[in-house]
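What follows is a short report on a single structure.
In what follows, every chain begins at residue 1, and chains take the letters A, B, ... in the order their sequences are listed.
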2 protein chains.
Amino acid sequence: MTIANSSTSDDLGSAAQRERRKRILDATYELARSGGFDAVQMRAVAEQADVALGTLYRYFPSKIHLLVSALGRQFEDAAGRMHEKEIPGDTPGDRVLWVLKWMARGMQGDPKLTEALTRAFMFADSSVAAEIHVVGMAMTSIVTHAMHGGTPEDGEITDEDVAIARVIGDVWLSALVAWVTGRSTAAETAAHMEKAVHLILRD
Amino acid sequence: MTIANSSTSDDLGSAAQRERRKRILDATYELARSGGFDAVQMRAVAEQADVALGTLYRYFPSKIHLLVSALGRQFEDAAGRMHEKEIPGDTPGDRVLWVLKWMARGMQGDPKLTEALTRAFMFADSSVAAEIHVVGMAMTSIVTHAMHGGTPEDGEITDEDVAIARVIGDVWLSALVAWVTGRSTAAETAAHMEKAVHLILRD
DNA sequence: AACAAAACTGGAACGTGTTCCCAATTATGC
DNA sequence: GCATAATTGGGAACACGTTCCAGTTTTGTT
């Protein structure tokens with residue numbers, strides 16, 4: 001149950017292809033950051049990445065695949081950074097809340113980007129299962145890592161831990177959607193998460 | 001904190017307008033039931049409801065509004081039926097699980113319909129806040145009603161109860177999305193909900 | 001009954017995701 | 001180095017959500 005090992009640091013394809021793929025994802029980020037989901041238009045991505053529209057579709061078979069792939073890269077980066085540090089907090093609940101707040105801070109700094117990626121994730125169907133799985137694994141990994149104090153040798157991660165982490169991840173996703181779609185404020189979201197973690201991880 | 005009182009049994013408009021609105025929602029259900037989200041095409045809804053496309057857009061300003069309104073009607077119906085019966089089960093956890101399974105059974109009977117309504121709900125932004133609120137209230141009402149054994153006089157519903165119900169609702173939504181998008185089976189979803197309810201409502 | 005306002009119809013038109021086609025370019029095997 | 005296959009570029013075309021408009025019907029008022 002370690003960090004996902006997907007093809008983020010791409011094994012596949014020639015150097016030129018890896019370069020194209022990177023340009024596409026970079027263009028996606030930039031458009032999403034400035035204008036959110038609606039601004040990530042396939043023609044605009046293609047133009048900014050300097051590839052033809054057909055090529056873009058060869059690399060990512062839909063807009064949803066594209067955005068969820070971007071989300072996966074971001075989550076894996078976050079999970080990687082997470083694993084490099086000690087998580088502050090005396091109890092699992094404190095540490096999980098610390099991590100969730102840390103991620104929330106990052107997301108609030110780029111609300112449009114977050115909106116684009118989250119809505120794509122929520123809209124994805126089974127054809128995006130592989131990319132979705134990457135995200136789910138990274139999220140579970142982040143939470144379980146926080147539950148165990150960030151000290152890698154600190155005991156095994158049990159099935160129970162994973163189940164708990166999934167539940168927390170679910171609540172987090174729902175809260176994220178509510179925030180992203182403007183149905184709740186950042187403060188309400190934070191309070192809601194705090195409540196949920198206290199319910200689930202009674203210290 | 002009783003059942004939502006929105007304009008489901010429509011106060012607004014003439015008889016002909018209520019009739020049109022009903023035809024539109026019926027057409028929406030039928031198309032969703034047979035083909036899911038993608039089959040609910042605005043031109044098809046208009047044709048099947050025997051109204052002009054412009055009229056459909058006058059009643060529901062977007063496809064998302066239309067589907068979320070349909071979901072709201074369904075949830076209010078479910079909440080209403082819920083409140084008429086005693087919920088079996090000795091503990092809050094048992095009763096909540098019973099209710100969730102009862103709703104899951106209904107949704108599994110119409111998977112395409114569920115897919116259409118759920119995806120619309122997840123995709124809705126703040127312009128759909130009113131319709132979303134109807135759904136959220138109905139869901140919270142269903143869960144709190146189950147927590148208190150279905151006997152209406154059985155104590156007040158506290159803020160704490162509502163907070164708990166919201167968390168359960170969040171997990172349920174995430175699980176629903178996973179099921180609807182084919183990322184988890186009905187059995188996995190049920191097991192996951194059971195785990196979550198046991199964590200949140202320790203009996 | 002006559003008129004004004006609002007609602008409805010039918011259909012054209014636009015934007016964006018997606019598909020398709022073919023010529024030009026690049027990579028691969030001999 | 002060359003023949004062949006795979007990839008890419010450029011762009012037209014299609015589908016569906018959405019908007020808009022001119023004309024007609026319905027509704028409401030006096």
Side-chain angles (χ1 to χ4, degrees), chain A residues 10-25 27-28 31-32 34-70 115-117 119-125 127-128 131, chain B residues 10-25 27-28 31-32 34-70 115-117 119-125 127-128 131:
Chain A
D10 281 330
D11 3 86
L12 213 55
S14 69
Q17 285 171 329
R18 261 179 284 122
E19 173 60 27
R20 270 195 202 88
R21 187 187 163 91
K22 178 178 183 311
R23 283 208 312 273
I24 290 171
L25 284 177
T28 302
L31 288 166
S34 62
F37 186 87
D38 290 340
V40 181
Q41 300 183 2
M42 299 305 270
R43 290 172 178 85
V45 171
E47 185 177 5
Q48 183 149 338
D50 202 39
V51 299
L53 190 55
T55 305
L56 172 54
Y57 272 94
R58 172 187 298 271
Y59 280 73
F60 298 95
S62 78
K63 174 172 173 171
I64 300 295
H65 282 82
L66 174 60
L67 283 167
V68 176
S69 296
E115 184 249 4
L117 302 183
R119 298 184 79 185
F121 184 86
M122 287 287 114
F123 204 66
D125 66 6
S127 75
V128 203
E131 290 85 348
Chain B
D10 282 330
D11 4 85
L12 214 55
S14 68
Q17 284 172 330
R18 261 179 284 122
E19 173 59 28
R20 270 195 201 90
R21 188 187 162 90
K22 179 177 182 315
R23 284 209 310 274
I24 291 172
L25 284 177
T28 302
L31 288 165
S34 63
F37 186 87
D38 290 341
V40 181
Q41 300 184 0
M42 299 304 268
R43 289 174 178 85
V45 172
E47 185 177 4
Q48 182 149 339
D50 202 38
V51 298
L53 190 55
T55 304
L56 172 55
Y57 272 94
R58 173 188 298 271
Y59 280 73
F60 299 94
S62 79
K63 173 171 173 171
I64 300 294
H65 281 82
L66 174 61
L67 284 167
V68 176
S69 296
E115 183 248 8
L117 302 183
R119 296 182 80 184
F121 184 86
M122 287 286 110
F123 204 66
D125 64 9
S127 75
V128 204
E131 290 84 348

Contacts under 3.5 angstrom, residues 53-60 of chain A side chains, donor-acceptor by atom type, not counting sequence neighbours:
none

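With a cutoff of under 4.0 Å to any heavy atom of chain A, the contacted region of DNA chain C is bounded 5' to 3' by dT16(C) to dT19(C). Of all nucleotides in DNA chain D having an atom under 4.0 Å from a heavy atom of chain B, the first and last in 5' to 3' order are dC16(D) to dT19(D).
Residues Leu31(A) and Thr28(A) fail the side-chain proximity criterion, which asks for heavy atoms closer than 4.5 Å. Counting heavy atoms from C-beta on, the side chains of Lys63(A) and Val45(A) never come closer than 4.5 Å.
Position along DNA chain C of the nearest nucleotide to Arg23(B) versus Gly54(A) favours Arg23(B) as the more 5'-ward residue. Residue whose closest nucleotide on DNA chain D sits further toward the 5' end, between Ala16(B) and Tyr57(B): Tyr57(B). With DNA chain D read from its 5' end, the first of the two nearest nucleotides for Pro61(B) and Arg58(A) is the one closest to Arg58(A).
Phe60(B) comes within 4.0 angstrom of nothing in the nucleic acid, heavy atoms only.
Going from atom CD of Glu131(B) over to atom CG of Leu66(B) covers 10.0 Å, rounded to the nearest 0.5 Å. Expressed to the nearest 0.5 Å, how far CD of Gln17(A) lies from CZ of Arg21(A) amounts to 11.0 Å.
A pairwise comparison of heavy atoms in Ser62(B) and Met42(B) identifies C-CE, 3.9 Å as the closest pair. Across all their heavy atoms, Ala120(B) and Ile64(B) have their closest contact at O-CG2, 3.7 Å.
Note: Phe37(A) and Phe123(B) meet the aromatic proximity criterion, with ring centroids under 6.0 Å apart.
Shown here are the salt bridge (Lys or Arg N to Asp or Glu O under 4.0 Å) partners of Arg23(A), two or more places apart in sequence or in another chain: Glu19(A). Annotation: side chain to side chain donor-acceptor pair (under 3.5 Å) contacts of Glu115(A) (sequence neighbours excluded): Arg119(A).
For the contact set between residues 38-50 of chain B and DNA chain D, defined by any heavy atom under 4.0 Å, the members are Val40(B), Gln41(B), Met42(B), Arg43(B).
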